[in-house]
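Okay, so here's the structure we're looking at.
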Amino acid sequence: MSSARILISFLPLLILFSAPFVVSAALCHKKDKAALLEIKAIFGNPAGLSSWNSKTSCCTWDGISCNATTGRVIDITVFFLNVSAPIPSALARLTALQSINFAYNHLYGTIPPFLGALPDLTFLRLDGNLLTGRIPDTLTVYNLLLTGNNLSGPLPPSFAHASFGALDLNDNGFSGDASFLFGKDKTLYALDISGNKFAFDFGKVELPKDMNILQIDHNMIYGSIPAAAATRRWLRWNVSYNRLCGPIPQGSYVRKYGPSHFNHNKCLCGAPLAPCE
């Protein structure tokens with residue numbers, strides 16, 4: 001799967017997410033600064049983090065945002081710097097973090113459970129890395145993007161009761177049932193689980209009321225397309241390359257997305273595919 005598709009999938013989310021920057025050296029939290037310098041060392045002191053200097057305020061460093069009142073680090077971005085390392089344990093000491101973006105590096109190893117224990121974390125991007133193993137049960141972060149790793153196994157049971165907004169798990173090796181991500185009262189508005197080995201009855205799920213991005217292609221999902229799909233104004237939609245069957249609920253989305261977003265299923269029929277017999 002191309003990096004362009006991954007970025008486009010949740011571009012509105014990435015644009016909307018922002019945090020205030022602080023430039024006062026006096027507000028740079030001493031313990032947070034020490035943790036960041038440790039992270040830089042673990043990452044091999046890449047040139048892209050040259051501004052992370054012990055003589056300057058950590059709130060002025062590239063990729064760092066701080067709370068304007070407390071000086072605590074609330075955002076860390078180490079994006080596309082070819083960093084090759086495990087996820088640093090020093091992150092656990094940055095307890096005011098709201099956002100972590102480590103996308104498109106070469107991070108390896110497993111996802112540490114402490115990430116999900118950071119009390120204010122609502123945005124986590126680890127997509128485009130080399131992470132392996134299962135998702136820890138603690139990782140119920142509201143906006144969670146794990147695309148393009150080597151993660152595997154079933155989803156943790158905690159996901160059934162989590163309040164996600166955007167969840168991007170595509171292009172991994174996940175398997176089992178993902179139907180518990182759905183539900184009419186769920187807050188989930190963007191879901192991409194394509195390119196995995198999920199298997200569940202799609203016809204029995206209830207679409208979250210605000211969901212407008214749904215990509216489940218290239219799995220082993222069976223059943224029918226829920227009738228409610230026809231009433232939505234989908235920003236993204238793809239159910240191709242599964243084991244779905246039955247008439248396609250008719251709505252404007254069938255004209256918007258066309259056959260390529262429905263084909264290669266067991267026996268789906270009706271526009272935009274062949275008529276049902």
Side-chain angles (χ1 to χ4, degrees), residues 1-17 39 42-44 46 48 63 75-88 91 99-113 115-116 121-136 138-156 159 162 164-176 178 181 188-199 213-221 235-242 260-261 264:
M1 182 170 293
S2 70
S3 59
R5 175 186 168 181
I6 296 168
L7 288 173
I8 289 171
S9 293
F10 294 121
L11 187 58
L13 171 65
L14 303 181
I15 291 173
L16 288 172
F17 190 90
I39 291 168
I42 293 171
F43 281 171
D75 172 70
I76 180 171
T77 297
V78 180
F79 178 82
F80 203 25
L81 294 183
N82 294 318
V83 168
S84 182
I87 295 174
L91 277 172
S99 167
I100 299 173
N101 182 355
F102 285 169
Y104 295 96
N105 286 289
H106 301 288
L107 300 180
Y108 56 83
T110 58
I111 300 174
L115 287 180
L121 191 68
T122 59
F123 182 90
L124 178 60
R125 283 195 68 184
L126 297 174
D127 44 311
N129 282 287
L130 304 171
L131 298 168
T132 55
R134 298 188 176 191
I135 298 177
T138 58
L139 206 67
T140 53
V141 180
Y142 184 72
N143 296 311
L144 180 61
L145 289 77
L146 301 177
T147 288
N149 282 280
N150 297 311
L151 300 166
S152 59
L155 299 182
F159 276 30
F164 291 111
L167 182 61
D168 189 350
L169 305 177
N170 87 69
D171 196 17
N172 279 283
F174 295 117
S175 58
L181 297 175
L188 188 64
Y189 64 87
L191 177 65
D192 190 342
I193 58 172
S194 58
N196 286 285
K197 301 174 184 177
F198 289 118
I213 293 176
L214 180 60
Q215 300 187 152
I216 63 172
D217 53 286
H218 292 84
N219 280 285
M220 297 180 288
I221 299 169
L235 299 178
R236 295 198 175 276
W237 166 272
N238 198 333
V239 298
S240 64
Y241 290 90
N242 278 292
S260 65
H261 294 256
H264 297 283

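This is a predicted model, so every value here is computed, not measured.
- Checked by atom type and distance alone, the side chain of Asn242 pairs as donor or acceptor with a backbone atom of Asn219 at under 3.5 Å.
- With rounding to the nearest 0.5 angstrom, the CG atom of Leu188 is 6.5 Å from the CG atom of Leu167.
- Going from atom CD1 of Ile111 over to atom CG of Leu124 covers 7.0 Å, rounded to the nearest 0.5 Å.
- Asn172 places a side-chain N or O within 3.5 Å of a backbone atom of Leu151 that can act as its donor or acceptor partner.
- With 3.5 Å as the limit, one finds no donor-acceptor pair spanning the side chains of Asn150 and Thr132.
- Here the closest non-hydrogen pair linking Asn129 and His106 is OD1-N, 3.3 Å.
- Side-chain contact check for Val78 versus Ile39: every heavy-atom pair is 4.5 Å or farther apart.
- Between Asn196 atom CG and Leu155 atom CG the span is 8.5 Å, to the nearest 0.5 Å.
- When all heavy atoms of Ser260 and Asn238 are compared, the closest pair comes out as O-OD1, 4.2 Å.
- Side-chain N or O atoms of Asp171 include none that pairs as donor or acceptor with a backbone N or O of Thr147 at under 3.5 Å.
- The two atoms that bring Ala178 and Ile193 nearest to each other are CB-CD1, 4.2 Å, heavy atoms only.
- Considering CG of Asp217 and CG of Asn170, their distance stands at 8.0 Å, rounded to 0.5 Å.
- In plain terms, the two heavy atoms of Phe43 and Pro88 that are nearest each other are CE2-CG, 3.5 Å.
- Using cut-offs of 30° and 60° on the angle between ring planes, the pair Phe198 and Phe174 is parallel.
- Using a 4.5 Å heavy-atom threshold, the side chains of Asp127 and Tyr104 count as touching.
- Contact of the Leu115 side chain with the Leu126 side chain is registered, since non-hydrogen atoms from C-beta on lie closer than 4.5 Å.
- Counting heavy atoms from C-beta on, the side chains of Thr140 and Phe159 come closer than 4.5 Å.
- Between Pro113 and the choices Leu139, Thr138, Ile135, the side chain to side chain contact (heavy atoms under 4.5 Å, CB included) rule is met once, by Thr138.
- Minimum interatomic distance between Gly153 and Arg134 (heavy atoms only, all atoms of both residues): CA-NE, 4.1 Å.
- One finds the CG atom of Leu146 at 11.0 Å from the CZ atom of Arg125 (value rounded to the nearest 0.5 Å).
- In summary, the side chains of His264 and Tyr241 do present a donor paired with an acceptor at a separation below 3.5 Å, with no hydrogens or angles considered.
- Side-chain atoms of Asn105 come within 3.5 Å of backbone N or O of Asn82 as a donor-acceptor pair.
- Taking 4.5 Å as the limit, some side-chain heavy atom of Leu107 sits within range of a side-chain heavy atom of Val83.
- Scanning all heavy atoms of the two residues, the minimum distance from Met220 to Lys197 falls at CE-O, 3.3 Å.
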Go through Leu131 and Phe102 one step at a time and tell me if the side chain to side chain contact (heavy atoms under 4.5 Å, CB included) criterion holds. CA-CA 12 Å; Leu131 298 168; Phe102 285 169; over 6 Å; no
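- Note: Ile216 CD1 to Ser240 OG = 9.0 Å, rounded to the nearest 0.5 Å.
- Side chains of Asp75 and Ser99: a donor on one and an acceptor on the other come within 3.5 Å.
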